[in-house]
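Below: the structure, in structure tokens.
Only this structure's heavy atoms are used, side chains among them; waters, hydrogens and symmetry mates stay out. Along the sequence shown, residues are numbered consecutively beginning with 1.
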Amino acid sequence: MGAKTSPEEPLPVRSVLQMVAQWIGKLGTIWVEGQITELTARGGTVFMTLRDPVANVSARVTCARNVYEASLPRPVDGARVVVHVKADFWVNRGSFAFTALEIRPVGVGELLARLERLRQVLAAEGLFNTDRKRRLPFLPGTVGLICGRDSAAERDVLENARRRWPAVRFKVEAVAVQGSFAVAEVTEALRKLDADREVDVIIVTRGGGSLEDLLPFSDESLVREVAACRTPVVSAIGHEQDSPLLDLVADLRASTPTDAAKKVVPDVGEQLTLVHQLRDRGRRVVGGRLDRELHWLQAVRSRPSLSDPVRELDRRAEQVDALRDRARRCLTGSLDRSSDGLGHLRARLVALSPAATLERGYAIVQRPSGEVVRRAADLAPGAPLTLRLPDDRVSVIVTEPGL
């Protein structure tokens, strides 16, 4: 609970500092991880600064020389350690520092175990999935480059890229690529280039180094920042055997800075050769097609129907005339045969007609109604009849039928 003060009843400095010392004393002993810098020894005491591995935060640490020498191997500047400390606050000077009770160097095996646990967590979140990786542009207009200041990696990328495509442009962000400031500076450069609409692809690169040197590129905050970028990111950290977590989250991994330049920028010579090959292939394809069409056209033109169309018309006209004459002959013959048959039929009908019978001396007996009388027994006395002769008709009356 805070002390009650007012402008009329302030606390003296000594009382405030004593309260701060009491609060800090309640922290007890704790284990702290960091990177050693500014290591010096004076008499029986060793002084050092312990920096946070990620943030730009540090604290002073003092320890007895025997505590420092008990740690094997002995820590040096840049070493990553875990320190068992007690927080101290000196009231007389108003300063804060840690007193080291034990120092343990962080070994490679422990670092690798921590990286593996982080890798599994990020992989479970899907940050390393291949379906979220984006394709690089074929010919980037501007390439963003994050690298160390005046580093060999920067020269390798620039020289090889411009040798392959002289017109390529770069926006270079020089940052710390190892140490406690690396994560913050690389993250800030990444955000700056990702927000630049002219930048089509971003390369993050540095040369080889120890596992400790490359730790900033396995930092969780940096990995998540790369995953959130809208611009494709290429990781070119260290050499072929190096594999920081940045390689897994990046859209493309390059084994070296030179390899990054080759994968991001196309080779103008190779592209010109490819253009020539495609052009020659196109010419052969088009030329072959034209030759086939020309041969087909020549074959069509050599056909009689096209080479001498009038002759074909004459031949067709002759066929029409022949068919017409044939039709006429067929029709005339059919008409003649039908006429002969009709004459024969007419002659037969004339020979069988009643008129012809009358001409031979016969007569036809009919009642007034026109009914022909065929038997004398059918006649009644006094019945009127008509006798039809070849040239005339005679009316008669029956007197005695059957005589």
Test log, rule side-chain hydrogen bond (donor to acceptor under 3.5 Å, both in side chains), inputs Q22 and Q18 | CA-CA 6 Å; Q22 292 174 1; Q18 288 172 355; 5.8 Å; no
Does atom CZ of R14 have more than 12 heavy-atom neighbours, drawn from other residues, nucleotides or ligands, at distances under 6.0 Å?
->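 Counting other residues, nucleotides and ligands, CZ of R14 stays at 12 neighbours or fewer.
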Look at atom CZ of R230 and say whether more than 12 heavy atoms of other residues, nucleotides or ligands are closer to it than 6.0 Å.
->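 Enclosed.
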Quick test of your reading of the model: are [X] and [Y] salt-bridged, counting only N-O distances below 4.0 Å?
X: R337; Y: D340; value: no
X: E318; Y: R315; value: no
X: K192; Y: E188; value: no
X: E198; Y: R169; value: no

Under 3.5 Å, side chain of [X] to main-chain N/O of [Y], donor-acceptor pair present?
X: R132; Y: A227; value: yes
X: T273; Y: G269; value: yes
X: R164; Y: K262; value: yes
X: S218; Y: L245; value: yes
X: D251; Y: R134; value: yes
X: S71; Y: I103; value: yes
X: S338; Y: S334; value: yes
X: T205; Y: C147; value: no

Would you please name every residue forming a side chain to side chain donor-acceptor pair (under 3.5 Å) with H295, sequence neighbours left out?
->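 If we apply the side chain to side chain donor-acceptor pair (under 3.5 Å) test to H295, skipping adjacent residues, there are no hits.
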Working for side-chain hydrogen bond (donor to acceptor under 3.5 Å, both in side chains), residues R117 and Q120 = CA-CA 5 Å; R117 289 195 295 271; Q120 292 177 0; over 6 Å; no
Any side-chain heavy atom of K263 within less than 4.5 Å of one from R253?
-> no
Kindly give the heavy-atom pair with the smallest separation between C229 and D194, and that separation in Å.
-> CA-OD2, 3.7 Å
State which residues pass ring-ring contact (aromatic ring centres under 6.0 Å, His included) with W31; sequence neighbours excluded, sorted by chain then number.
->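 In terms of ring-ring contact (aromatic ring centres under 6.0 Å, His included), with neighbours along the sequence ignored, W31 is linked to H84.
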Partners passing ring-ring contact (aromatic ring centres under 6.0 Å, His included) against F96 (at least two apart in sequence or in another chain) =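 By the ring-ring contact (aromatic ring centres under 6.0 Å, His included) rule, F96 matches F98.
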Candidate list I146, V143, L252, L193, test side chain to side chain contact (heavy atoms under 4.5 Å, CB included), partner I203, passing option | V143
Establish, from distance only, whether the side-chain atoms of R65 and T45 form a donor-acceptor pair under 3.5 Å.
-> no
